[in-house]
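Worksheet: one structure, shown below.
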2 protein chains.
Amino acid sequence: MKASILGVYGREAAAFKALGHPTRLFIAHQLGRRDACVCELRDLVGDDISTVSKHLSVLRNAGIVDSVRKGNQIIYNLKLRCVLNIRVCGNFGGGK
Amino acid sequence: MKASILGVYGREAAAFKALGHPTRLFIAHQLGRRDACVCELRDLVGDDISTVSKHLSVLRNAGIVDSVRKGNQIIYNLKLRCVLNIRVCGNFGGGK
DNA sequence: CAACTATTTGGCAATTTGGCAAAATAGTAC
DNA sequence: GTACTATTTTGCCAAATTGCCAAATAGTTG
């Protein structure tokens with residue numbers, strides 16, 4: 001039982017987990033608007049840059065974002081664009 | 001910055017976080033098929049019943065499931081049915 | 001090469017999570 | 001009331017997460 005649950009739901013749960021942090025969800029949506037380097041995201045988020053970098057690696061490991069080096073900076077982009085459409089029942093609390 | 005990110009994305013991130021565990025994601029989908037008591041879910045999941053109960057309380061706190069007492073057992077139901085439609089880009093790794 | 005910028009990595013402490021077992025709670029039935 | 005069933009809560013512990021700082025890495029510029 002346990003193994004099969006992990007098999008079928010594990011991957012999707014991992015993506016949800018990656019999005020399950022306000023900063024990371026914000027970053028994903030921000031990258032949906034336009035690609036950005038870590039420093040831009042740090043300015044928007046306000047955390048230490050190392051913290052932002054770690055959030056980005058979580059998102060990358062989940063397959064949600066990708067990155068490309070451009071000069072001496074690294075540009076992140078939203079790989080799983082469908083993430084933008086995921087809305088947990090709009091304004092929930094009411095949603096159905 | 002931080003505060004506004006929390007404000008706008010905090011609630012939705014909390015819902016993602018609740019779904020970000022294979023067992024909880026499974027439970028949500030199972031409740032999408034039909035309502036069930038804790039003991040049924042325990043049988044399906046295979047964890048200790050106290051563990052299942054805790055997962056359910058996480059889902060309830062996130063507003064994803066709800067429960068009704070019926071006799072001496074508590075029947076859980078999927079409150080946020082839209083959860084069933086959320087698929088992080090189908091089979092991702094490839095998705096767009 | 002050195003100096004500089006951008007990013008990641010490696011601690012580290014504080015907090016949270018996941019899971020089980022035992023105790024507590026809520027209801028049913030006698 | 002007691003005995004029983006179903007569920008939740010508590011305590012405990014190991015493991016994971018979060019966020020900062022400092023150090024390391026990658027690239028640019030002179």
Original post:
Does the side-chain contact (heavy atoms from CB on, under 4.5 Å) test come out yes or no for B:Lys54 and B:Val58, once each step is laid out?
Top reply: CA-CA 6 Å; B:Lys54 235 178 227 174; B:Val58 170; 5.7 Å; no
Subject >> Donor-acceptor contact present, side-chain B:Arg81 to main-chain B:Gly32, <3.5 Å >> reply: yes
**OP:** Please confirm whether the backbone N or O of B:Cys37 pairs with a side-chain atom of B:Glu40, one donor and one acceptor, at under 3.5 Å?
**Re:** yes
Write down the distance between [atom1] ([X]) and [atom2] ([N]), rounded to a whole number of angstrom.
X: A:Asp47; N: C:dT8; atom1: CG; atom2: P; answer: 15 Å
X: A:Asp35; N: C:dT7; atom1: CG; atom2: P; answer: 13 Å
X: B:Phe16; N: D:dT17; atom1: CZ; atom2: P; answer: 18 Å
X: A:His21; N: D:dG19; atom1: NE2; atom2: C1'; answer: 9 Å
X: B:Asn61; N: C:dT16; atom1: CG; atom2: P; answer: 14 Å
X: B:Arg24; N: C:dT17; atom1: CZ; atom2: P; answer: 8 Å
X: B:Leu25; N: C:dG18; atom1: CG; atom2: P; answer: 13 Å

**OP:** Applying side-chain contact (heavy atoms from CB on, under 4.5 Å), run through A:His55 and A:Leu59 and close with a yes or a no.
**Re:** CA-CA 6 Å; A:His55 280 312; A:Leu59 287 170; 5.5 Å; no
**OP:** Fit a plane to each ring of B:Tyr9 and A:Phe26, take the angle between them on a 0 to 90° scale, and name the class: parallel (under 30°), tilted (30 to 60°) or perpendicular (over 60°).
**Re:** perpendicular
**OP:** Determine: side-chain N/O of A:His55 to OP1/OP2 of D:dT17, distance under 4.0 Å, yes or no.
**Re:** no
Original post:
Has A:Lys17 got a side-chain N or O lying under 4.0 Å from the OP1 or OP2 atom of D:dT17?
Top reply: yes
Please tabulate, for the side chains in residues 61-76 of chain B, all donor-acceptor contacts under 3.5 angstrom to protein atoms that are two or more places apart in sequence or on a different chain.
from	atom 1	to	atom 2	distance (Å)
B:Asn61	ND2	B:Ser57	O	3.2
B:Ser67	OG	B:Arg60	NH1	2.4
B:Tyr76	OH	B:Arg60	NH2	3.2

**OP:** Test B:Arg24 against B:Leu19 for side-chain contact (heavy atoms from CB on, under 4.5 Å), laying out the working first.
**Re:** CA-CA 6 Å; B:Arg24 288 195 295 263; B:Leu19 294 172; 5.8 Å; no
Original post:
So what does A:Lys70 hit on the nucleic acid, given a heavy-atom distance under 4.0 Å: a base, only sugar-phosphate, or nothing?
Top reply: nothing
Original post:
Which part of the nucleic acid, if any, lies within contact of B:Arg42, taking any heavy atom under 4.0 Å across all strands shown: a base, the sugar-phosphate backbone alone, or nothing?
Top reply: nothing
Original post:
Which letters describe nucleotides 6-13 of chain D, given B = protein heavy atom under 4.0 Å from base, S = only from sugar-phosphate, - = neither?
Top reply: SSBBBB--
